[in-house]
Amino acid sequence: MVNIEAALYDKVKAEIRKWDEEGIYAISFFVDSNEAYEYKNFDNVSMWAISYNTESDCEGAGAYDEERWNYAFWRQNEIPIISLEESDEYTKMLFEWYEENGITNIGEENPDEDYDEDGTYIGKGPAGHYELLGIVSDIGKKLQENGVIEDHFGKSLPIIVHGLEYSWYDIEATKKANPGGEADAFLKAMEELGYYDEDDIP
């Protein structure tokens with residue numbers, strides 16, 4: 001049985017404990033799919049990288065400003081966790097986990113099922129993406145509940161689980177990863193900026 005969550009948790013915890021820059025206020029768990037992303041005979045697959053942003057990176061931005069919370073404005077100093085390199089043991093483990101759990105057609109999408117009758121996106125990304133988000137959000141939650149973030153930084157920080165467009169499932173995953181309300185400011189900002197509406201989340 002592939003215990004991918006435990007392996008990835010240890011890897012992420014070790015990486016975060018290397019961060020010692022002043023003014024870190026938020027952690028990014030960037031989970032993204034792209035038609036250019038390939039692994040063996042699969043394409044449009046999902047990768048995962050982690051990074052952070054600092055107060056000096058968004059100097060002058062208000063508490064709920066887009067410059068503070070939208071990843072497009074961050075420095076994007078990404079550390080690959082699921083890199084999609086064939087030599088990467090964690091990517092290999094993920095695809096073994098997919099197979100073990102009956103998750104097939106990795107990277108494929110079904111546009112006919114991705115929107116409701118009102119045109120609202122209700123899809124879960126390409127096959128495998130939503131399942132990876134579940135792993136990622138569980139790891140974030142465990143890091144928060146085990147005190148890893150607060151112990152290292154001396155305060156609580158939000159872990160933002162997201163892609164480039166902040167889909168409904170990114171909001172769902174971020175809420176799950178921050179069970180103590182650590183991401184409340186981010187969620188309020190995203191709602192005020194119009195990135196999501198609670199009524200649009202399936």
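Put simply, the side chain of Arg17 never gets that close to the backbone of His152: no donor and acceptor are under 3.5 Å apart. Looking only at distances, no side-chain donor or acceptor of Asp138 sits under 3.5 Å from a matching main-chain atom of Ile135. The backbone N or O of Arg68 sits less than 3.5 Å from a side-chain atom of Trp74, completing a donor-acceptor pair. Here the side chain of Trp69 pairs no donor or acceptor atom with the backbone of Leu187 at under 3.5 angstrom. Side chain of Asn178 to main chain of Pro158: no donor-acceptor pair is present (N/O by atom type, distance under 3.5 Å, no hydrogens or angles). Proximity of a side-chain donor or acceptor of Thr91 to a complementary backbone N or O of Leu84 within less than 3.5 Å is detected. A donor-acceptor contact shorter than 3.5 Å is absent between the side chain of Glu67 and the backbone of Asp57. Side-chain atoms of Asn146 do not come within 3.5 Å of backbone N or O of Val148 as any donor-acceptor pair. With Thr174 contributing its side chain and Val161 its backbone, the two residues share a donor-acceptor pair below 3.5 Å. A distance-only check finds no donor-acceptor pair linking the side chain of Tyr169 to the backbone of His129 [under 3.5 Å].
Interatomic distance, Leu132 CG to Ile106 CD1, rounded to the nearest 0.5 Å: 10.0 Å. Atom CE of Met47 is separated from atom CG of Asn34 by 10.0 Å, given to the nearest 0.5 angstrom. Here the CG-CD1 distance, from Asp151 to Ile16, works out to 12.5 Å after rounding to the nearest 0.5 Å. Here the CD-CD1 distance, from Glu182 to Ile160, works out to 12.0 Å after rounding to the nearest 0.5 Å. The distance from atom CD1 of Ile159 to atom NZ of Lys176, rounded to the nearest 0.5 Å, is 13.0 Å. Rounding to the nearest 0.5 Å places CD1 of Ile4 at 7.5 Å from CD1 of Ile139.
Taking all atoms of both residues into account, the shortest heavy-atom contact from Ser156 to Glu150 is N-CG, 4.1 Å. Closest approach of Glu38 to Asp43, counting heavy atoms only: CG-CB, 3.8 Å. A pairwise comparison of heavy atoms in Gly107 and Asn44 identifies O-ND2, 2.8 Å as the closest pair. The heavy-atom pair separating Thr104 from Ala127 by the smallest distance is O-CB, 3.6 Å. The two residues Ser137 and Gly134 come nearest to each other via the heavy atoms OG-O, 3.1 Å.
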**Item:** Trace of the side-chain hydrogen bond (donor to acceptor under 3.5 Å, both in side chains) decision for Asn101 with Glu131
**Value:** CA-CA 10 Å; Asn101 286 275; Glu131 291 79 8; over 6 Å; no
**Asked** Stepwise, does the side-chain contact (heavy atoms from CB on, under 4.5 Å) test hold for Tyr90 with Leu8?
**Response** CA-CA 7 Å; Tyr90 299 96; Leu8 290 173; 3.7 Å; yes
**Message:** Applying side-chain contact (heavy atoms from CB on, under 4.5 Å) to Asp65 and Phe73, what does each step give before you reach the verdict?
**Reply:** CA-CA 11 Å; Asp65 285 355; Phe73 294 92; over 6 Å; no
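When the ring-ring contact (aromatic ring centres under 6.0 Å, His included) test is applied to Tyr52, the partners found at least two apart in sequence or on another chain are Trp19. With sequence neighbours excluded, the residues that form a ring-ring contact (aromatic ring centres under 6.0 Å, His included) with Phe95 are Tyr39, Phe42, Tyr98. Glu100 is linked by a salt bridge (charged side-chain N to carboxylate O under 4.0 Å, His left out) to nothing, counting only residues two or more places apart in sequence or in another chain. Pro80 is linked by a side-chain contact (heavy atoms from CB on, under 4.5 Å) to Ser83, counting only residues two or more places apart in sequence or in another chain. For Trp97, there are no ring-ring contact (aromatic ring centres under 6.0 Å, His included) partners at least two apart in sequence or on another chain. Partners of Phe30 according to the ring-ring contact (aromatic ring centres under 6.0 Å, His included) rule, which considers only residues two or more places apart in sequence or in another chain, are Tyr71, His162.
Aromatic ring orientation, Tyr166 versus Phe186: tilted (interplanar angle from 30° to 60°). In this structure, Tyr130 and Trp168 have tilted ring planes: the angle between them lies in the 30° to 60° band.
Salt-bridge check for Glu96 with Lys92: passed, with a basic side-chain N closer than 4.0 Å to an acidic carboxylate O. Ion pairing of Lys175 with Glu172 is absent here, as no side-chain N (NZ or NE/NH1/NH2) approaches a carboxylate O to less than 4.0 Å. Checked for salt-bridge contact, Glu21 and Arg75 meet the test: a charged N lies under 4.0 Å from a carboxylate O.
When Ile82, Ile79, Asp32 are each tested for a side chain to side chain contact (heavy atoms under 4.5 Å, CB included) with Trp48, only one passes: Ile82.
Residues Tyr64 and Ile171 do not share a hydrophobic cluster, clusters being chains of Ile/Leu/Val/Met/Phe/Trp/Tyr side chains in contact below 4.5 Å.
Within a 6.0 Å sphere centred on CD of Glu99, other residues, nucleotides and ligands contribute 12 heavy atoms or fewer.
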